[in-house]
2 protein chains.
Amino acid sequence: MTDPTTPRTTLTRARVLGTAVALADREGIDRLTMRSLAAELGVEAMSLYHHVANKEDLLDGVADAIAGEMQVAVADLPAPAPSEWKAALRRRILTAREVMLRHPWAPGVFESRTGFGPQIVRYTDGFVGLLRLGGLSHDLVHHAMHALGSRAYGFTQELFDPAGSGDADASPEMLAQMATEAPHLVEMLAHIAHDPPGATLGRCDDQSEFEFGLDLLLDGLERRAAREPGA
Amino acid sequence: MTDPTTPRTTLTRARVLGTAVALADREGIDRLTMRSLAAELGVEAMSLYHHVANKEDLLDGVADAIAGEMQVAVADLPAPAPSEWKAALRRRILTAREVMLRHPWAPGVFESRTGFGPQIVRYTDGFVGLLRLGGLSHDLVHHAMHALGSRAYGFTQELFDPAGSGDADASPEMLAQMATEAPHLVEMLAHIAHDPPGATLGRCDDQSEFEFGLDLLLDGLERRAAREPGA
DNA sequence: ACCTGAACACCGTTCAAGT
DNA sequence: ACCTGAACACCGTTCAAGT
(Lines give C-alpha, C1' and ligand atoms only; values in the text may rest on other atoms or scores of the structure.)
Protein backbone atom coordinates (compact mmCIF):
# COMPACT_ATOMS: atom_id res chain seq x y z
CA MET A 1 0.00 0.00 0.00
CA THR A 2 2.69 2.47 1.01
CA ASP A 3 4.59 4.00 -1.88
CA PRO A 4 8.28 4.02 -0.90
CA THR A 5 9.06 6.87 -3.36
CA THR A 6 6.73 9.22 -1.45
CA PRO A 7 8.79 11.31 0.98
CA ARG A 8 7.54 9.98 4.31
CA THR A 9 6.24 12.87 6.37
CA THR A 10 6.93 12.28 10.03
CA LEU A 11 3.94 11.44 12.09
CA THR A 12 3.00 14.15 14.56
CA ARG A 13 0.04 14.55 16.88
CA ALA A 14 -1.17 17.51 14.82
CA ARG A 15 -1.04 15.45 11.62
CA VAL A 16 -2.86 12.56 13.28
CA LEU A 17 -5.62 14.87 14.54
CA GLY A 18 -5.93 16.77 11.26
CA THR A 19 -6.25 13.53 9.31
CA ALA A 20 -8.79 12.23 11.82
CA VAL A 21 -10.98 15.31 11.29
CA ALA A 22 -10.71 14.95 7.50
CA LEU A 23 -11.54 11.25 7.70
CA ALA A 24 -14.59 11.89 9.90
CA ASP A 25 -15.74 14.60 7.48
CA ARG A 26 -15.39 12.28 4.50
CA GLU A 27 -16.53 8.91 5.88
CA GLY A 28 -18.46 9.71 9.04
CA ILE A 29 -17.46 9.36 12.68
CA ASP A 30 -18.33 5.65 12.82
CA ARG A 31 -15.71 4.94 10.18
CA LEU A 32 -13.01 6.71 12.16
CA THR A 33 -11.23 3.74 13.76
CA MET A 34 -7.64 3.42 14.86
CA ARG A 35 -7.08 1.03 11.97
CA SER A 36 -8.72 3.19 9.28
CA LEU A 37 -6.94 6.31 10.53
CA ALA A 38 -3.60 4.50 10.45
CA ALA A 39 -4.27 3.27 6.92
CA GLU A 40 -5.14 6.83 5.87
CA LEU A 41 -1.75 7.93 7.19
CA GLY A 42 0.05 5.02 5.53
CA VAL A 43 1.08 3.56 8.86
CA GLU A 44 0.24 0.69 11.20
CA ALA A 45 -2.47 1.14 13.84
CA MET A 46 -0.02 0.80 16.68
CA SER A 47 2.06 3.74 15.45
CA LEU A 48 -0.75 6.06 16.43
CA TYR A 49 -0.24 5.18 20.07
CA HIS A 50 3.01 7.14 20.07
CA HIS A 51 1.02 10.33 19.48
CA VAL A 52 -2.28 9.66 21.25
CA ALA A 53 -2.66 7.73 24.49
CA ASN A 54 -5.73 5.83 23.26
CA LYS A 55 -8.94 6.40 21.33
CA GLU A 56 -10.46 8.63 24.01
CA ASP A 57 -7.39 10.84 23.80
CA LEU A 58 -7.71 10.87 20.01
CA LEU A 59 -11.30 12.09 20.28
CA ASP A 60 -10.31 14.67 22.91
CA GLY A 61 -7.77 15.95 20.39
CA VAL A 62 -10.27 15.93 17.57
CA ALA A 63 -12.76 17.96 19.63
CA ASP A 64 -10.04 20.42 20.50
CA ALA A 65 -9.09 20.74 16.83
CA ILE A 66 -12.67 21.74 16.07
CA ALA A 67 -12.58 24.21 18.96
CA GLY A 68 -9.41 25.58 17.36
CA GLU A 69 -11.35 26.24 14.15
CA MET A 70 -14.01 28.02 16.20
CA GLN A 71 -11.39 30.09 17.93
CA VAL A 72 -9.97 31.18 14.56
CA ALA A 73 -13.40 32.08 13.20
CA VAL A 74 -14.27 34.01 16.34
CA ALA A 75 -10.96 35.89 16.61
CA ASP A 76 -11.95 38.08 13.64
CA LEU A 77 -15.03 39.44 15.39
CA PRO A 78 -14.69 43.05 16.58
CA ALA A 79 -14.45 43.79 20.32
CA PRO A 80 -17.82 45.12 21.45
CA ALA A 81 -18.77 47.95 23.75
CA PRO A 82 -19.99 46.73 27.18
CA SER A 83 -23.57 47.64 26.31
CA GLU A 84 -23.44 45.35 23.31
CA TRP A 85 -22.39 42.18 25.11
CA LYS A 86 -25.57 40.32 24.25
CA ALA A 87 -25.39 40.98 20.52
CA ALA A 88 -21.69 40.11 20.53
CA LEU A 89 -22.33 36.86 22.37
CA ARG A 90 -25.08 35.96 19.93
CA ARG A 91 -22.76 36.70 17.03
CA ARG A 92 -20.01 34.61 18.58
CA ILE A 93 -22.27 31.62 19.10
CA LEU A 94 -23.65 31.73 15.58
CA THR A 95 -20.09 31.93 14.24
CA ALA A 96 -19.17 28.83 16.26
CA ARG A 97 -22.26 27.19 14.83
CA GLU A 98 -20.99 27.75 11.31
CA VAL A 99 -17.93 25.69 12.18
CA MET A 100 -20.12 22.95 13.65
CA LEU A 101 -22.24 22.89 10.48
CA ARG A 102 -19.07 22.07 8.55
CA HIS A 103 -18.54 19.01 10.79
CA PRO A 104 -21.96 17.43 11.39
CA TRP A 105 -20.45 14.64 13.51
CA ALA A 106 -18.70 17.09 15.88
CA PRO A 107 -21.64 17.63 18.30
CA GLY A 108 -21.66 13.93 19.13
CA VAL A 109 -17.93 14.02 19.85
CA PHE A 110 -18.24 17.16 21.99
CA GLU A 111 -21.04 15.56 24.03
CA SER A 112 -18.91 12.55 24.83
CA ARG A 113 -15.82 14.48 26.00
CA THR A 114 -14.90 14.98 29.61
CA GLY A 115 -11.57 16.80 29.13
CA PHE A 116 -10.97 20.48 28.60
CA GLY A 117 -8.51 20.89 25.71
CA PRO A 118 -6.45 24.09 25.35
CA GLN A 119 -8.47 25.42 22.39
CA ILE A 120 -11.76 24.72 24.16
CA VAL A 121 -10.37 26.58 27.15
CA ARG A 122 -9.42 29.57 24.99
CA TYR A 123 -12.82 29.70 23.31
CA THR A 124 -14.62 29.38 26.62
CA ASP A 125 -12.47 32.02 28.23
CA GLY A 126 -13.42 34.53 25.54
CA PHE A 127 -17.00 33.59 26.16
CA VAL A 128 -16.75 34.21 29.89
CA GLY A 129 -14.92 37.47 29.15
CA LEU A 130 -17.87 38.74 27.12
CA LEU A 131 -20.33 37.94 29.90
CA ARG A 132 -18.10 39.69 32.41
CA LEU A 133 -17.86 42.69 30.07
CA GLY A 134 -21.66 42.81 30.27
CA GLY A 135 -21.38 43.24 34.02
CA LEU A 136 -22.65 39.81 35.04
CA SER A 137 -21.41 38.48 38.38
CA HIS A 138 -19.24 35.36 38.46
CA ASP A 139 -22.18 33.45 39.88
CA LEU A 140 -24.48 34.55 37.08
CA VAL A 141 -21.81 33.77 34.49
CA HIS A 142 -21.53 30.30 35.92
CA HIS A 143 -25.29 29.80 35.80
CA ALA A 144 -25.26 31.14 32.25
CA MET A 145 -22.68 28.60 31.12
CA HIS A 146 -24.79 25.76 32.48
CA ALA A 147 -28.03 27.16 31.11
CA LEU A 148 -26.56 27.62 27.63
CA GLY A 149 -24.74 24.30 27.69
CA SER A 150 -23.92 23.09 24.21
CA ARG A 151 -25.58 26.18 22.73
CA ALA A 152 -22.49 28.14 23.78
CA TYR A 153 -20.60 26.00 21.27
CA GLY A 154 -23.15 26.43 18.51
CA PHE A 155 -25.20 23.28 18.64
CA THR A 156 -28.03 21.46 20.34
CA GLN A 157 -28.29 17.70 20.39
CA GLU A 158 -31.77 16.82 19.19
CA LEU A 159 -33.49 13.95 20.95
CA PHE A 160 -35.98 12.52 18.50
CA ASP A 161 -37.16 13.89 15.25
CA PRO A 162 -40.80 14.93 15.50
CA ALA A 163 -40.75 15.98 11.85
CA GLY A 164 -39.33 12.61 10.87
CA SER A 165 -42.22 10.90 12.65
CA GLY A 166 -44.69 12.85 10.57
CA ASP A 167 -42.59 12.42 7.47
CA ALA A 168 -41.78 9.48 5.26
CA ASP A 169 -41.04 7.03 8.10
CA ALA A 170 -44.53 7.04 9.56
CA SER A 171 -47.04 4.78 7.85
CA PRO A 172 -50.66 6.00 7.61
CA GLU A 173 -51.93 3.40 10.08
CA MET A 174 -49.17 4.39 12.50
CA LEU A 175 -50.27 8.02 12.31
CA ALA A 176 -53.91 6.98 12.77
CA GLN A 177 -53.01 5.01 15.88
CA MET A 178 -50.99 7.94 17.15
CA ALA A 179 -53.90 10.30 16.58
CA THR A 180 -55.99 8.53 19.22
CA GLU A 181 -53.14 7.99 21.66
CA ALA A 182 -51.40 11.31 21.20
CA PRO A 183 -53.88 13.84 19.85
CA HIS A 184 -51.98 16.96 20.93
CA LEU A 185 -48.73 15.75 19.43
CA VAL A 186 -50.28 14.76 16.11
CA GLU A 187 -52.10 18.05 15.86
CA MET A 188 -48.87 19.94 16.48
CA LEU A 189 -46.96 17.88 13.93
CA ALA A 190 -49.58 18.82 11.34
CA HIS A 191 -48.70 22.46 11.93
CA ILE A 192 -44.97 22.07 11.49
CA ALA A 193 -43.16 23.36 8.46
CA HIS A 194 -39.43 22.82 8.50
CA ASP A 195 -36.51 24.15 6.57
CA PRO A 196 -35.26 21.85 3.84
CA PRO A 197 -32.79 19.33 5.25
CA GLY A 198 -29.08 19.67 4.57
CA ALA A 199 -28.44 22.93 6.39
CA THR A 200 -29.03 21.21 9.70
CA LEU A 201 -27.14 19.61 12.55
CA GLY A 202 -29.09 16.53 13.46
CA ARG A 203 -32.49 16.20 11.91
CA CYS A 204 -34.83 18.89 13.17
CA ASP A 205 -32.33 21.36 14.58
CA ASP A 206 -32.67 24.04 11.95
CA GLN A 207 -31.29 27.50 12.23
CA SER A 208 -34.48 29.27 13.28
CA GLU A 209 -35.15 26.80 16.11
CA PHE A 210 -31.59 27.20 17.33
CA GLU A 211 -31.90 30.97 17.32
CA PHE A 212 -35.28 30.89 19.03
CA GLY A 213 -33.95 28.91 21.97
CA LEU A 214 -30.77 30.97 22.08
CA ASP A 215 -32.68 34.26 22.22
CA LEU A 216 -34.96 32.91 24.92
CA LEU A 217 -31.90 32.20 27.06
CA LEU A 218 -29.98 35.39 26.23
CA ASP A 219 -33.03 37.56 26.91
CA GLY A 220 -33.51 35.81 30.23
CA LEU A 221 -29.87 36.29 31.17
CA GLU A 222 -30.04 39.97 30.28
CA ARG A 223 -33.08 40.35 32.50
CA ARG A 224 -31.37 38.55 35.39
CA ALA A 225 -28.25 40.70 34.90
CA ALA A 226 -30.27 43.90 35.11
CA ARG A 227 -31.78 42.66 38.37
CA GLU A 228 -28.41 41.93 40.00
CA PRO A 229 -27.33 44.15 42.91
CA GLY A 230 -24.60 46.55 41.87
CA ALA A 231 -25.32 46.17 38.14
CA MET B 1 -24.92 -22.14 34.33
CA THR B 2 -28.67 -22.63 33.89
CA ASP B 3 -30.33 -24.49 36.70
CA PRO B 4 -32.72 -27.01 35.12
CA THR B 5 -34.88 -27.15 38.26
CA THR B 6 -35.73 -23.46 37.89
CA PRO B 7 -39.02 -23.12 35.99
CA ARG B 8 -37.90 -21.52 32.75
CA THR B 9 -39.80 -18.27 32.26
CA THR B 10 -40.50 -17.66 28.62
CA LEU B 11 -38.49 -14.93 27.04
CA THR B 12 -40.56 -11.90 26.10
CA ARG B 13 -39.62 -8.48 24.80
CA ALA B 14 -40.79 -6.93 28.06
CA ARG B 15 -38.60 -9.30 30.08
CA VAL B 16 -35.62 -8.61 27.81
CA LEU B 17 -36.05 -4.84 28.19
CA GLY B 18 -36.67 -4.98 31.92
CA THR B 19 -33.55 -7.07 32.47
CA ALA B 20 -31.56 -4.71 30.23
CA VAL B 21 -32.56 -1.74 32.40
CA ALA B 22 -31.66 -3.62 35.58
CA LEU B 23 -28.32 -4.68 34.11
CA ALA B 24 -27.48 -1.12 33.04
CA ASP B 25 -28.41 0.13 36.52
CA ARG B 26 -26.20 -2.44 38.17
CA GLU B 27 -23.18 -2.65 35.86
CA GLY B 28 -23.30 0.50 33.75
CA ILE B 29 -24.41 1.00 30.17
CA ASP B 30 -21.03 -0.06 28.75
CA ARG B 31 -21.46 -3.48 30.28
CA LEU B 32 -24.85 -3.96 28.65
CA THR B 33 -23.92 -6.15 25.68
CA MET B 34 -25.99 -8.67 23.80
CA ARG B 35 -23.86 -11.40 25.32
CA SER B 36 -24.02 -10.16 28.92
CA LEU B 37 -27.77 -9.55 28.68
CA ALA B 38 -28.28 -13.06 27.34
CA ALA B 39 -26.20 -14.52 30.16
CA GLU B 40 -28.26 -12.55 32.68
CA LEU B 41 -31.39 -14.14 31.21
CA GLY B 42 -29.82 -17.60 31.19
CA VAL B 43 -29.97 -17.80 27.43
CA GLU B 44 -27.72 -17.59 24.38
CA ALA B 45 -27.03 -14.23 22.76
CA MET B 46 -28.80 -15.18 19.57
CA SER B 47 -32.06 -15.87 21.37
CA LEU B 48 -32.43 -12.16 22.00
CA TYR B 49 -32.79 -11.55 18.29
CA HIS B 50 -36.24 -13.14 18.38
CA HIS B 51 -37.44 -10.28 20.58
CA VAL B 52 -35.36 -7.33 19.44
CA ALA B 53 -34.28 -6.65 15.87
CA ASN B 54 -30.74 -5.68 16.84
CA LYS B 55 -28.90 -3.66 19.48
CA GLU B 56 -30.31 -0.34 18.27
CA ASP B 57 -33.80 -1.74 18.69
CA LEU B 58 -32.84 -2.97 22.16
CA LEU B 59 -31.73 0.54 23.14
CA ASP B 60 -34.89 2.05 21.62
CA GLY B 61 -36.86 -0.31 23.83
CA VAL B 62 -34.77 0.51 26.89
CA ALA B 63 -35.32 4.25 26.37
CA ASP B 64 -39.03 3.65 26.00
CA ALA B 65 -39.07 1.60 29.20
CA ILE B 66 -37.58 4.58 31.04
CA ALA B 67 -40.17 6.85 29.42
CA GLY B 68 -42.77 4.42 30.74
CA GLU B 69 -41.47 4.96 34.25
CA MET B 70 -41.69 8.71 33.70
CA GLN B 71 -45.24 8.35 32.44
CA VAL B 72 -46.23 6.43 35.57
CA ALA B 73 -44.61 9.00 37.86
CA VAL B 74 -46.26 11.86 36.03
CA ALA B 75 -49.73 10.30 35.86
CA ASP B 76 -50.21 10.94 39.59
CA LEU B 77 -49.83 14.70 39.22
CA PRO B 78 -53.09 16.66 39.55
CA ALA B 79 -54.60 18.30 36.45
CA PRO B 80 -53.86 22.01 36.70
CA ALA B 81 -56.01 25.04 35.96
CA PRO B 82 -55.06 26.76 32.67
CA SER B 83 -53.50 29.67 34.54
CA GLU B 84 -51.14 27.26 36.29
CA TRP B 85 -49.68 25.63 33.18
CA LYS B 86 -46.17 26.88 33.87
CA ALA B 87 -46.00 25.55 37.43
CA ALA B 88 -47.51 22.25 36.29
CA LEU B 89 -44.98 21.93 33.48
CA ARG B 90 -42.16 22.65 35.88
CA ARG B 91 -43.47 20.04 38.29
CA ARG B 92 -43.81 17.51 35.47
CA ILE B 93 -40.26 18.05 34.28
CA LEU B 94 -38.79 17.77 37.76
CA THR B 95 -40.77 14.56 38.27
CA ALA B 96 -39.31 13.16 35.05
CA ARG B 97 -35.92 14.18 36.33
CA GLU B 98 -36.36 12.07 39.43
CA VAL B 99 -36.74 9.04 37.18
CA MET B 100 -33.62 10.01 35.24
CA LEU B 101 -31.67 10.36 38.47
CA ARG B 102 -32.49 6.73 39.23
CA HIS B 103 -30.90 5.73 35.90
CA PRO B 104 -27.78 7.88 35.45
CA TRP B 105 -26.92 6.21 32.13
CA ALA B 106 -30.35 6.96 30.62
CA PRO B 107 -29.56 10.48 29.30
CA GLY B 108 -26.85 9.05 27.06
CA VAL B 109 -29.24 6.46 25.68
CA PHE B 110 -31.96 9.08 25.10
CA GLU B 111 -29.49 11.29 23.23
CA SER B 112 -28.54 8.51 20.86
CA ARG B 113 -32.11 7.50 19.92
CA THR B 114 -33.82 8.47 16.71
CA GLY B 115 -37.09 6.57 17.14
CA PHE B 116 -40.22 7.64 18.98
CA GLY B 117 -41.39 4.75 21.19
CA PRO B 118 -45.02 4.55 22.38
CA GLN B 119 -44.25 5.60 25.97
CA ILE B 120 -42.13 8.53 24.80
CA VAL B 121 -45.04 9.55 22.59
CA ARG B 122 -47.46 9.38 25.51
CA TYR B 123 -45.20 11.42 27.78
CA THR B 124 -44.59 14.01 25.07
CA ASP B 125 -48.27 14.25 24.23
CA GLY B 126 -49.10 15.10 27.83
CA PHE B 127 -46.38 17.70 27.67
CA VAL B 128 -47.79 19.30 24.54
CA GLY B 129 -51.26 19.15 26.11
CA LEU B 130 -50.08 21.25 29.07
CA LEU B 131 -48.59 23.89 26.78
CA ARG B 132 -51.81 24.02 24.78
CA LEU B 133 -53.77 24.32 28.01
CA GLY B 134 -51.69 27.41 28.69
CA GLY B 135 -52.98 28.92 25.45
CA LEU B 136 -49.76 28.65 23.45
CA SER B 137 -50.16 28.38 19.68
CA HIS B 138 -49.00 25.22 17.89
CA ASP B 139 -46.08 27.17 16.49
CA LEU B 140 -45.00 28.38 19.90
CA VAL B 141 -45.43 24.87 21.34
CA HIS B 142 -43.18 23.56 18.62
CA HIS B 143 -40.56 26.22 19.31
CA ALA B 144 -40.86 25.41 23.01
CA MET B 145 -40.17 21.72 22.45
CA HIS B 146 -37.00 22.54 20.54
CA ALA B 147 -35.90 25.20 23.01
CA LEU B 148 -36.38 22.88 25.99
CA GLY B 149 -34.88 19.89 24.21
CA SER B 150 -33.69 17.27 26.67
CA ARG B 151 -34.82 19.46 29.59
CA ALA B 152 -38.38 18.41 28.76
CA TYR B 153 -37.31 14.89 29.76
CA GLY B 154 -35.57 16.01 32.92
CA PHE B 155 -31.92 16.12 31.98
CA THR B 156 -29.19 18.14 30.34
CA GLN B 157 -26.11 16.55 28.85
CA GLU B 158 -23.15 18.39 30.29
CA LEU B 159 -20.24 19.07 27.95
CA PHE B 160 -17.13 19.35 30.07
CA ASP B 161 -16.81 19.66 33.75
CA PRO B 162 -15.54 23.10 34.73
CA ALA B 163 -15.59 22.08 38.39
CA GLY B 164 -13.58 18.98 37.59
CA SER B 165 -10.93 21.14 35.94
CA GLY B 166 -10.57 23.17 39.11
CA ASP B 167 -10.80 20.06 41.23
CA ALA B 168 -8.51 17.14 41.86
CA ASP B 169 -7.64 16.52 38.19
CA ALA B 170 -5.88 19.82 37.64
CA SER B 171 -2.27 20.01 38.78
CA PRO B 172 -1.05 23.32 40.25
CA GLU B 173 1.19 24.06 37.25
CA MET B 174 -1.73 23.35 34.94
CA LEU B 175 -3.85 25.89 36.81
CA ALA B 176 -1.02 28.40 36.73
CA GLN B 177 -0.68 28.00 32.98
CA MET B 178 -4.43 28.32 32.60
CA ALA B 179 -4.44 31.50 34.66
CA THR B 180 -2.40 33.31 32.04
CA GLU B 181 -4.18 31.82 29.05
CA ALA B 182 -7.71 31.86 30.42
CA PRO B 183 -7.92 34.47 33.17
CA HIS B 184 -11.70 34.92 33.06
CA LEU B 185 -12.36 31.20 33.23
CA VAL B 186 -9.95 30.62 36.10
CA GLU B 187 -11.40 33.52 38.03
CA MET B 188 -14.90 32.14 37.56
CA LEU B 189 -13.86 28.65 38.62
CA ALA B 190 -12.51 30.10 41.83
CA HIS B 191 -16.00 31.40 42.64
CA ILE B 192 -17.79 28.10 42.05
CA ALA B 193 -19.20 26.06 44.88
CA HIS B 194 -21.01 22.92 43.83
CA ASP B 195 -23.36 20.51 45.44
CA PRO B 196 -21.74 17.30 46.66
CA PRO B 197 -21.56 14.74 43.86
CA GLY B 198 -23.89 11.75 43.80
CA ALA B 199 -27.17 13.57 43.37
CA THR B 200 -26.15 14.55 39.85
CA LEU B 201 -26.63 13.44 36.27
CA GLY B 202 -23.27 13.81 34.63
CA ARG B 203 -20.70 15.68 36.63
CA CYS B 204 -21.67 19.32 37.09
CA ASP B 205 -25.37 19.13 36.30
CA ASP B 206 -26.71 19.64 39.77
CA GLN B 207 -30.27 20.36 40.66
CA SER B 208 -29.99 24.10 41.11
CA GLU B 209 -28.27 24.57 37.74
CA PHE B 210 -30.92 22.47 36.05
CA GLU B 211 -33.68 24.53 37.63
CA PHE B 212 -32.00 27.82 36.80
CA GLY B 213 -31.86 27.01 33.10
CA LEU B 214 -35.35 25.56 33.16
CA ASP B 215 -36.83 28.67 34.75
CA LEU B 216 -35.00 30.89 32.29
CA LEU B 217 -36.70 29.01 29.45
CA LEU B 218 -40.14 28.73 31.07
CA ASP B 219 -40.18 32.43 31.97
CA GLY B 220 -39.23 33.29 28.40
CA LEU B 221 -41.95 31.05 27.00
CA GLU B 222 -44.54 32.60 29.30
CA ARG B 223 -43.50 36.04 28.12
CA ARG B 224 -43.74 34.98 24.46
CA ALA B 225 -47.13 33.40 25.10
CA ALA B 226 -48.49 36.60 26.64
CA ARG B 227 -47.32 38.49 23.56
CA GLU B 228 -49.07 36.17 21.09
CA PRO B 229 -52.08 37.55 19.17
CA GLY B 230 -55.36 36.19 20.52
CA ALA B 231 -53.83 35.01 23.80
C1' DA C 1 -41.68 -21.08 16.66
C1' DC C 2 -38.03 -20.68 19.39
C1' DC C 3 -33.37 -21.51 20.71
C1' DT C 4 -28.45 -23.01 19.86
C1' DG C 5 -23.36 -23.24 18.66
C1' DA C 6 -19.93 -22.13 15.64
C1' DA C 7 -18.19 -18.79 12.76
C1' DC C 8 -17.47 -14.09 10.53
C1' DA C 9 -16.03 -9.51 10.33
C1' DC C 10 -14.91 -6.30 12.91
C1' DC C 11 -13.15 -3.37 17.32
C1' DG C 12 -9.34 -1.22 20.81
C1' DT C 13 -5.25 -2.55 22.85
C1' DT C 14 -1.03 -5.59 24.75
C1' DC C 15 3.17 -7.29 23.93
C1' DA C 16 7.67 -8.57 22.27
C1' DA C 17 10.37 -7.66 18.66
C1' DG C 18 12.50 -5.02 15.21
C1' DT C 19 15.34 -0.52 13.33
C1' DA D 1 12.69 6.96 19.72
C1' DC D 2 9.73 5.33 16.63
C1' DC D 3 7.38 1.81 14.12
C1' DT D 4 5.82 -3.11 13.26
C1' DG D 5 3.26 -7.68 13.18
C1' DA D 6 1.03 -11.00 15.64
C1' DA D 7 -2.00 -11.89 19.16
C1' DC D 8 -5.62 -11.07 22.86
C1' DA D 9 -10.03 -10.11 24.53
C1' DC D 10 -13.74 -8.42 23.24
C1' DC D 11 -17.96 -6.68 20.07
C1' DG D 12 -22.60 -7.24 16.99
C1' DT D 13 -24.37 -10.29 13.81
C1' DT D 14 -24.86 -14.33 10.02
C1' DC D 15 -25.85 -18.75 9.23
C1' DA D 16 -27.14 -23.54 9.28
C1' DA D 17 -28.66 -26.64 12.34
C1' DG D 18 -31.25 -28.43 16.03
C1' DT D 19 -35.98 -29.22 18.88
Side-chain angles (χ1 to χ4, degrees), chain A residues 1-21 23-24 26-64 105 108-109 111-115, chain B residues 1-21 23-24 26-64 105 108-109 111-115:
Chain A
M1 259 347 146
T2 316
D3 180 2
T5 64
T6 309
R8 198 60 161 281
T9 323
T10 10
L11 217 52
T12 62
R13 184 176 167 96
R15 207 159 82 83
V16 168
L17 297 181
T19 306
V21 169
L23 192 59
R26 178 155 51 83
E27 310 252 349
I29 192 70
D30 288 345
R31 304 282 288 270
L32 174 62
T33 67
M34 298 303 273
R35 283 171 164 89
S36 69
L37 176 56
E40 186 79 6
L41 287 159
V43 106
E44 292 297 314
M46 282 317 301
S47 302
L48 300 175
Y49 285 81
H50 290 278
H51 301 98
V52 295
N54 46 40
K55 182 140 191 201
E56 280 297 290
D57 185 39
L58 172 69
L59 291 178
D60 281 347
V62 162
D64 211 50
W105 47 268
V109 174
E111 295 269 5
S112 68
R113 294 310 88 203
T114 63
Chain B
M1 258 350 144
T2 316
D3 181 0
T5 65
T6 309
R8 199 58 159 284
T9 322
T10 9
L11 217 52
T12 62
R13 184 175 167 96
R15 207 159 82 85
V16 168
L17 297 181
T19 306
V21 169
L23 192 59
R26 178 155 50 85
E27 308 253 350
I29 191 71
D30 289 344
R31 304 281 287 271
L32 173 62
T33 68
M34 297 303 273
R35 282 173 165 88
S36 69
L37 176 57
E40 187 78 6
L41 287 158
V43 108
E44 292 297 314
M46 282 317 302
S47 302
L48 300 175
Y49 285 82
H50 287 101
H51 302 97
V52 296
N54 46 41
K55 181 140 193 202
E56 280 297 291
D57 186 39
L58 172 70
L59 292 178
D60 282 347
V62 162
D64 211 49
W105 47 269
V109 173
E111 295 268 5
S112 67
R113 294 309 87 204
T114 63

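When reading the values below, keep in mind they use all heavy atoms of this one structure, side chains included, and skip hydrogens, waters and symmetry mates. Lettering of chains follows the sequences in order, A, B, ..., and the numbering in each one begins at 1.
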**Asked** Nearest-Å distance, CD (Glu44(A)) to C1' (dT4(D))?
**Response** 6 Å
**Request:** Give the rounded distance in Å between these two atoms: CG of Asp30(A) and C1' of dA9(C).
**Result:** 16 Å
**Prompt:** Looking at CZ of Arg35(B) and CG of Leu48(B), how far apart are the two atoms once the value is rounded to the nearest 0.5 Å?
**Reply:** 11.0 Å
**Request:** Can you measure from CE (Met34(A)) to CG (Leu32(A)) and round to the nearest 0.5 angstrom?
**Result:** 9.0 Å
**Message:** What does the 5'-to-3' dot-bracket notation of DNA chain D look like when only Watson-Crick and G-U wobble pairs under 3.5 Å count, and pairs to other strands show as |?
**Reply:** ||.|||||...|||||.||
**Request:** Identify the heavy atoms of Val21(A) and Trp105(A) that sit nearest to each other, and give their distance.
**Result:** O-CZ2, 3.9 Å
**Item:** Passing candidate, side-chain contact (heavy atoms from CB on, under 4.5 Å) with Val52(A), options Leu59(A), Val62(A), Leu58(A)
**Value:** Leu58(A)
**Prompt:** dC3(C), dG12(D), dT13(C): which one has an atom nearest the side-chain heavy atoms of Asn54(A)?
**Reply:** dT13(C)
**Asked** Is His51(A) reaching over with its side chain to a backbone N or O of Val16(A), donor-acceptor style, under 3.5 angstrom?
**Response** no
**Asked** In whole angstroms, how far is the C1' atom of dG12(C) from the CG atom of Leu59(A)?
**Response** 12 Å
**Prompt:** Roughly how many Å is it from CG in Leu41(B) to P in dC3(C), rounded to a whole number?
**Reply:** 10 Å
**Request:** Report the residue (Ser36(B) or Leu11(A)) whose heavy-atom-nearest nucleotide on DNA chain D is the more 5′ of the two.
**Result:** Leu11(A)
**Item:** Side-chain N or O of Ser47(B) closer than 4.0 Å to phosphate OP1/OP2 of dC2(C)
**Value:** no
**Item:** Distance in angstrom units between Glu56(B) CD and dC11(D) P, rounded
**Value:** 17 Å
**Asked** What does nucleotides 14-19 of chain C look like as a protein-contact string, B for base, S for sugar-phosphate only, - for none, at under 4.0 angstrom between heavy atoms?
**Response** BB----
**Message:** Test side-chain contact (heavy atoms from CB on, under 4.5 Å) on Leu37(B) and Lys55(B); report intermediate values, then the result.
**Reply:** CA-CA 11 Å; Leu37(B) 176 57; Lys55(B) 181 140 193 202; over 6 Å; no
**Message:** So which atom in Ala63(A) and which in Val109(A) form the shortest heavy-atom distance, rounded to 0.1 Å?
**Reply:** CB-CG1, 4.1 Å
**Glu27(A) side chain reached by Thr33(A) side chain, heavy atoms, under 4.5 Å** = no
**Request:** Send over the distance from Leu48(A) CG to dT13(C) C1', rounded to a whole Å.
**Result:** 12 Å
**Interatomic distance where NZ belongs to Lys55(A) and P belongs to dC10(C) [whole Å]** = 15 Å
**Item:** Distance, rounded to the nearest Å, where Met34(A) contributes CE and dC11(C) contributes P
**Value:** 12 Å
**Message:** Measuring from atom CG of Leu23(A) to atom CZ of Arg31(A), what distance do you get when rounded to the nearest 0.5 angstrom?
**Reply:** 8.5 Å
